[in-house]
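Report on the following structure.
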Amino acid sequence: MHTHSLESSIQSVMPANRRSRRLTWQNTLTFWGFVGPAVLGLVMFVYVPIFWGLGISLFDARYTVTPTDFLGLKNYQTLLTDRDFLQSLLTFGKYALFIVPVTYACSLGLAVLVNQAKWGKSIFRTIFFIPFACSYVVGALIWRVSLFNSLPYGFANMVLSWFGLPPVTWIGGVGGFPWHWVVLITVRLWLQLGFFMIIFLAGLQEIPKELYEAAAVDGATSDWMTFRHITLPLLRNTSVSVILLNLIWAFQAFDEFYNILGGWGSTSGNLPLARPPLIYIYLTAFREQNYGLAAAGGLILTVIILIFTLLQGKFIGLGKAEYE
Amino acid sequence: MNKASTLGRRNFLRMAGLTAAGAALSACTTATSVSPAATQSPTKPPEPVTITQWYHAYGEAGTKEAAQGWAADFSKATTNIQVKMEWIEPGGEYESTKLPAALLTDQGPDVYENTVVNRALVKANQCVALDDLFSADALKGFNQALLDGFRVDGKLYAIPMIGDTGFIFYRRSMLEAAGVKPPSTFDELLEAAQKLNTDKVKGLFLGNDGGANWILAELMLWSSGGELFKDGKVAIESDRTADAWGRIREINQTGNLLIGAPSDWWDIGMLNQGLCAMQLCGMWGYPSAKKELKDDLGVIPWPAFDSGGKPATFLGCWAQFVNGKSKNIEAAKQFAKWLWIDNIAAQTAWASGFGFHVPANNLAAAVDTNFKDGEGKQLIEYVNQYGHVMRPANWSTSMESALSDAMSNIVKNNADPKAEMAAAAKKMQEKYDELTK
């Protein structure tokens, strides 16, 4: 006797053909009822703009998004020979090269420390994670206007004066060290570290305790040895995701650059100081209203991110089995 | 198990999901802006229309109410046209994001203000020619330099509303205490900033970027005797101007500039609060500074570069446009003419009743008591003698970026002024050719 499945119960109530068609139809309707709105949003706000952007990048689309003059690949050519766009790619390259390892190291360090805390683990976790909930714009403005403003009584300058050091022109200084990078990087670290710390914490908690005990028995003497030979290798998958996510977010850096170096009513004279590609594209689209050129820039940036992702996947590996 | 109720729950959720999707979709469609048919007397011939007018949020108190008042007056005067005035906040995002986004669609405002026009804008149908709104006398009454900035291929596309300009505001007492007279050349400005600079008060405020932007680029260009365009070509390149641009780096390196202030150059509050002794600011800051500093306030134009140049000041202009995609172009044109050409009292009030701007219509300036004597008269004279249009005809914002980039590279990255000037001129010429050829 077969089990009393739902189908067999329905079979006893309805004739055969109608029942199966009706069931399929109901299932389909349910499926689309739940998935429909999300898919619709995805199509309207993600896929349509992507393809529309691809389309207008081949046209001369100034002050309009329904252009008529076909340009072929001229927009791409203009961008790839534009000194300022190439400069922004270089700026971004240097920025990513710096911020990704620093974020990785700091968030891993934080995670290890919090993991080892004898008490208050969840308190510390929360404290470090809270900044992640803060908006980049708010963080950037606080950094620019109150912490790192260059007046003698700005917070950072006040701290310097306690050590007898003269006030520093943090943003917009001329010559000497580019202090604005300190401002830009600290705000991003403050906002992001909590999130990556949580990811690492999850990864750390996956490592079985027996391994550490076995290592102690086998003669692993220092913490650093266990860290290097047990913790790090077993965090490989987590590391890969963290680095990948970090790289993509760094590529999309916009909010803190725009708000610290310019934007919000200022004359943007500081923006060229550190102008990542996304800011360049944004200004092309909205200040100069050359939507075709900006769309081309967006596509170039996407391709670059894609290349980096694939390269990273090839060298570090994505999702391979961990336990050796 | 009660299978009937299980299916009932699923059905309910399914229907709820579909209804929510449907509701979301229908909320996305926007309503048209045409008002329903009038319900008054049946003998009303033209169909009543509603037109929308956009302003960016001016900072001065009372401007929004005044604009609403004029819209209401016009609506009452003409029985079939209703004007809906929209005050777009925040003012700083109007030109860069809100207005351009609206003008890309069919639901943009019918009448709006903007600062620039060029052939690409006209081609995208964002404005219509307004030559027919001006009588010969009215046309002569306007500031001709401002009018020229809004001509494309010989046709006039906007009605200038108000001009904005800037000066160096300073505290007389601080200059006297330091034994400095108001600077009349750039060298004197450098020296004054040096002498006025103390631990508590910086010598000069040019903006948080130290003046490394297109406005200073233009001021140094004009004060050293240069011009933006001449005979259809970009004419900024000259040794003297390259030298002048390099001097901005020099003034930054002296450390006498206020950098990293909580607000930027357009906020006269920096001078009012005593953060600096001199500040380059717009004329809009004059009322606030006068109220705060009273007789301690002095105003001078940006000084000549050297004894061979002249002082300079920039002239930007807000102008009224009619949207080419509007469904009620004739009504919109009628309103624009009524307010910004014919209504001299409104133009006068808009210029100096709330803030302090240069009326674009000289006929309005003539009756404006604020510019009749004293300092007001002096300021208008500065504008007439030393003013240069900052966005001449066929201007594009990418030219602003080219100049800003050049200044930024020179001032912050120690680049060679002549090379940067050549690069900027090349970019500007390319854009200019795109717009005029």
Side-chain angles (χ1 to χ4, degrees), chain A residues 4 6 9-10 13 26 29-37 40-41 44 60-67 82-84 144-146 148-152 154 157 169-175 178 261-273 275 283-291, chain B residues 1 3 7 10-11 13-18 20-21 24-25 91-92 96-97 100-101 103-104 120-121 123-126 199-200 207-216 249 252-253 255 258-266 275 396-398 400-401 404-405 407-409 411-414 423:
Chain A
H4 289 288
L6 176 61
S9 310
I10 295 178
V13 182
Q26 279 175 346
L29 210 55
T30 315
F31 172 75
W32 283 110
F34 280 106
V35 171
L40 208 62
M44 271 195 335
D60 178 17
R62 274 177 298 154
Y63 304 105
T64 172
V65 284
T66 47
D82 186 331
R83 178 188 71 157
D84 293 319
R144 182 183 100 192
V145 173
S146 92
F148 285 99
N149 74 53
S150 313
L151 300 174
N157 282 340
T169 309
W170 293 101
I171 302 164
V174 149
L261 292 176
W264 193 59
S266 41
T267 28
S268 84
N270 280 333
L271 265 180
L273 278 178
R275 186 167 46 189
L283 290 174
T284 308
F286 295 104
R287 185 172 284 162
E288 301 176 17
Q289 299 204 43
N290 192 339
Y291 298 104
Chain B
M1 191 155 81
K3 296 179 193 54
L7 288 174
R10 281 198 191 140
N11 260 321
L13 286 172
R14 202 180 301 148
M15 289 310 135
L18 285 175
L25 269 183
S96 52
T97 37
L103 291 176
L104 284 178
L121 275 169
K123 194 160 154 226
N125 201 17
Q126 288 187 5
D199 281 338
K200 298 239 167 32
N208 283 330
D209 50 15
N213 55 59
W214 68 287
I215 297 178
L216 262 297
R249 173 169 69 216
N252 266 274
Q253 283 169 334
L258 173 63
I259 305 267
S263 197
D264 222 311
W265 65 276
W266 37 259
L275 294 176
S396 150
T397 37
S398 43
E400 292 168 28
S401 308
S404 273
D405 285 351
M407 285 301 282
S408 192
N409 284 334
V411 173
K412 313 277 180 177
N413 294 335
N414 235 345

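Just so we're on the same page: letters track the sequence lines, and every chain starts at 1.
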Tightest non-hydrogen contact, residues A:R62 and B:A124, listed as O-CB, 4.3 Å
Is A:L151 close to chain B through its backbone or its side chain, or both, or neither, when contacts mean heavy atoms under 4.5 Å? both
Between CH2 on residue A:W32 and CG on residue A:L40, distance to nearest 0.5 Å: 9.5 Å
Interchain contact, B:L258 with chain A, by part (heavy-atom threshold 4.5 Å): side chain
Between CG of A:N157 and CG of A:N149, what distance do you get to the nearest 0.5 Å? 7.0 Å
Taken to the nearest 0.5 Å, the spacing of B:Q126 CD from B:L104 CG works out to 6.5 Å
Heavy-atom distance under 4.5 Å to chain A: side chain of B:S401, backbone, both or neither? side chain
Quick one: pull up CG in A:N290 and OH in A:Y63 and give me the separation to the nearest 0.5 Å. 8.5 Å
To the nearest 0.5 Å, how far apart are CZ in A:R275 and CG in A:D84? 5.0 Å
Select one option (side chain, backbone, both, neither) describing which atoms of B:L216 are under 4.5 Å from chain A's heavy atoms. neither
Answer with side chain, backbone, both or neither: which region of B:N125 has an atom nearer than 4.5 Å to a non-hydrogen atom of chain A? neither
Residue from A:F148, A:W170, A:Y291 scoring the most non-hydrogen pairs under 4.5 Å with chain B is A:Y291
Chain A contact via B:K200 - side chain, backbone, both or neither, heavy atoms under 4.5 Å: neither
